[in-house]
Structures are given as structure tokens and as C-alpha cells.
Amino acid sequence: MNKLTNSELAEKLLSERKVIVIGGATASGKTGLSIALSQELPIEIVSADSRQFYKYMDIGTAKPTAEERSIVKHHFIDNLDPREYFSAGKYANEARNTLNALFEAGKIPLIVGGSGLYIQALCEGFFDDGTDDADPDKASELMAIRNQIELELAEKGIETLYSELMAIDSESAMLYKDKNPRRIARAIEYYRANGIPISRAKKQYKVAEINYKPAYFAIDWQREVLYNRINQRTLQMWEDGLLAETEKLLKMGYERELNSLNTVGYKEVFDYIDGKESKDRTIELIAQHTRNYAKRQITWFKRIESLKWVEYDVVAVLSALSE
RNA sequence: ACGGGUGUAGCUCAAUUGGUAGAGUGACGGUCUCCAAAACCGUAGGUUGCGGGUUCGAUUCCUGCCGCCCGUG
């Protein structure tokens, strides 16, 4: 096989409008690998991590350090206030502009993150029904509907909501046989906001045009090794001041109920602050919940056909890209 | 050492008057097109500490041993 030089490879990737994606489990070394890659190719990093968007949440989300961020330009880190509403769709719309700008500047976008849905939204696209999610009026209307449904759920229970969904959108109802309240609420919410079943919208509307091609990678570890890394990192987080960071967030007035703070690490520390759990137990729980999360991430990425599981090794990624 | 208690799934516990064991949690697997580090669903784990006895049948009753806990020495 004839290997390409890095500059040849870069040229090829740019002309093909390839975006490199590094997904996979938390603590698998995505940050390290992406920075190593940036030493080889003209890259800028586009984060796809639904919690690293938020300011002030540094230790708990294992954000790249300031030093790491000074090596390569990172997008979509610290771009949100913890109170701001965000979603996979909004992310995709915004990040898409970033990708285009990067290509124009001759940079290869490197998407790095563990939020599978966000990566999917960006790289595969959601159906586009034409609503402008940047419109604040639309947003507050949606929130009102969502709150209303949440209320109904609390009062009437999931069975009632499920029957309602069955009546307005049986196709979605069949899809959510597990009666996941979130999914059911979302389907009902879509119907109330737009007047058509979401299952129909999915078919009726095309995805926004995507003029780039993802090359998916994820870092593969034996489960036991990954779990050790997670346990280790959890310990490190605590030593690095996770408690102080959490207290600071509360002092700044951010409520625990915020979606941004419904996050492994912070949740458990809240209980510690309340005296519900000991320090050791808190660390144990964070590690455990992180392991559970990692498992869900792996499940998600497994279903991406074209994804290559690679070792923590830049050369492996480069040679895979050269093919 | 003596008295009392206890020993059931990896962990915490449950099992009506004796009818060959359940739940939570964890583990494992999965779902999910816009709250996704979220929210859900499923599966597998137990010769009920060990031995003996009573009984058609014992986690449940009797007994010996072992371990643990509490109290008294």
C-alpha cells in the first residue's frame, strides 16, 4: 500500500469534504487522540459533547484544559450558559455553519465527543420542517407545550399520555412500546406544536442538506480497561476539586434542576453536599454512573455501520483515513 | 466463656399458620430524529452457612457445628 504524506492526506480530505469524527465512551481518550491528530493535519476541533458546551462546568465534564485548547482551536466548548436551553437540533444547525467555515478556511473539521445523538444530528441530519429554532418566540411556545405535557404526565400518568399518542400518532406509539415518558412527550409535543404526527414529519421532510462526509472512529478498549480508566478519572476529578466547582455553581445561582446540571458527577455531589452520602460513597457512585453512561455510549456507537473501532493511536487513524 | 440475636441472588432485605424462594440495587444486553452525561426497556444470578432429625414436603420446626453482631464477664 502506498502511504500518503500528511499534506497529501489533508488535501484529499479537504477536496472530498471529509469530516473526521472521534466518538466513543467517556474517558476513552478522545481529547488526547484529537490533539495528537491536530499535530499531523490542519485541523480544528468541533466538540460534540452535550455538557462541555456549558461554562463553569470544567472538572465535572472533563473538559480539555486551557493548555490543550491553546494547541488547537476548539469550537462548542464554553459556548453556553448553564441556564441556556440547547438541543441536538440547535447544535447541528450551528455546528453546520462552523464546518462550512472551516472548509472554506482550508481546515479539516474534527468532531470529537461522546454525545451520539448530537453527532448524528450533525453528520446525518434531522428532518427539517422549516421551523426556525433560533426564534425565541417559537422556543418559548415549545417550552410552554412541554411544561403542559409534563404537568399532564404528573397528573394523569403515562398510560393516559400513551393512549393519547396512540390516537394521534399510532406509528410513533408503536415505536415507543416501552412507554418512555420522554419519547412519548416529545411525540405529543410535536403534534401539538405542528399539527402533524412526528412520524409523518420524519417521512415528509428531508434532512437538511449535508455537504460533507463523516469518517467515523471510536476508541476501543477492553471493558475492564475502560472501567479502570473511569474509576481513576473519577478519583482525579474529586482531587481536582469537583466539590468546590459544584459549590461554586450553586453559589452563582444555578439551580440543581437545570438540565445542564442533570449530569453525572454534579448530581452525586449535590447529595454529598446535602449530607446524604459519604465522600467515598459519592466517588463510588460517580464512577458507577459514569460506567453506566459509557456502556450506553458504546451501545449507541455500535450501531453506526461505517464506524471504525481503533486503538488509542494516531497512526491507526491516519492510515485508515488514507485508504 | 455465658446469655441473646443472626446467617437467603455481588450488595441491602422479603417470603402469610411448614408447600422446593421474591423485591430493590448492582451486573449484563438493548431502545431512542431535537431535554441525550437525559429518559427508558429487557435478561441472567440462589443445592436459602454446613451436617443431622421431624415431616408426604423445611428458608420456615428441633438439634450439632461454623461465621458474624450485641450484652455480661
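The model shown is predicted, which means the values in this text are computed figures rather than measured ones.
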Inspect the contact between [Y] and [X] and indicate whether a charged nitrogen and a carboxylate oxygen are less than 4.0 angstrom apart.
X	Y	value
A:Glu44	A:Lys73	no
A:Asp271	A:Arg256	no
A:Arg69	A:Asp78	yes

For atom [atom1] of [X] and atom [atom2] of [N], their distance in whole Å:
X	N	atom1	atom2	answer
A:Asp178	B:rU31	CG	P	11 Å
A:Gln204	B:rU33	CD	P	18 Å
A:Gln297	B:rG29	CD	C1'	17 Å
A:Tyr205	B:rC34	OH	C1'	15 Å

Problem set entry | Dot-bracket encoding of pairs in RNA chain B, which uses [ ] for pseudoknotted crossings and | for another strand, Watson-Crick or G-U under 3.5 angstrom | (((((((..((((........)))).(((((.......))))).....(((((.......)))))))))))).
Examine [N]: is either OP1 or OP2 under 4.0 Å from a nitrogen or oxygen in the side chain of [X]? Give yes or no.
X	N	value
A:Lys295	B:rG30	yes
A:Arg303	B:rU33	yes
A:Thr299	B:rG30	yes
A:Arg183	B:rC34	yes
A:Arg223	B:rG29	yes
A:Tyr118	B:rA36	yes
A:Tyr190	B:rC34	no

Exercise. What are the residues of residues 256-287 of chain A, sorted by number, that bring a heavy atom to within less than 4.0 Å of RNA chain B?
Worked result: A:Asn259, A:Asn262, A:Thr263, A:Val264, A:Lys267
Exercise. With distance as the sole criterion, do the side chain of A:Lys177 and the base of B:rG42 form a donor-acceptor contact below 3.5 Å?
Worked result: no
Nucleotide nearest [X] (side chain, heavy atoms from C-beta), chosen from [options]:
X	options	value
A:Arg296	B:rC32, B:rA36, B:rA39	B:rA39
A:Asn180	B:rC34, B:rA36, B:rA39	B:rA39
A:Gln120	B:rU33, B:rC35, B:rA36	B:rU33

Seminar exercise, completed: By nearest-nucleotide position on RNA chain B, the 5'-leaning member of A:Trp300 and A:Lys179 is A:Trp300
Exercise. Using the benzene-type ring in the case of Trp, are the ring centres of A:Tyr216 and A:Trp309 under 6.0 Å apart?
Worked result: no
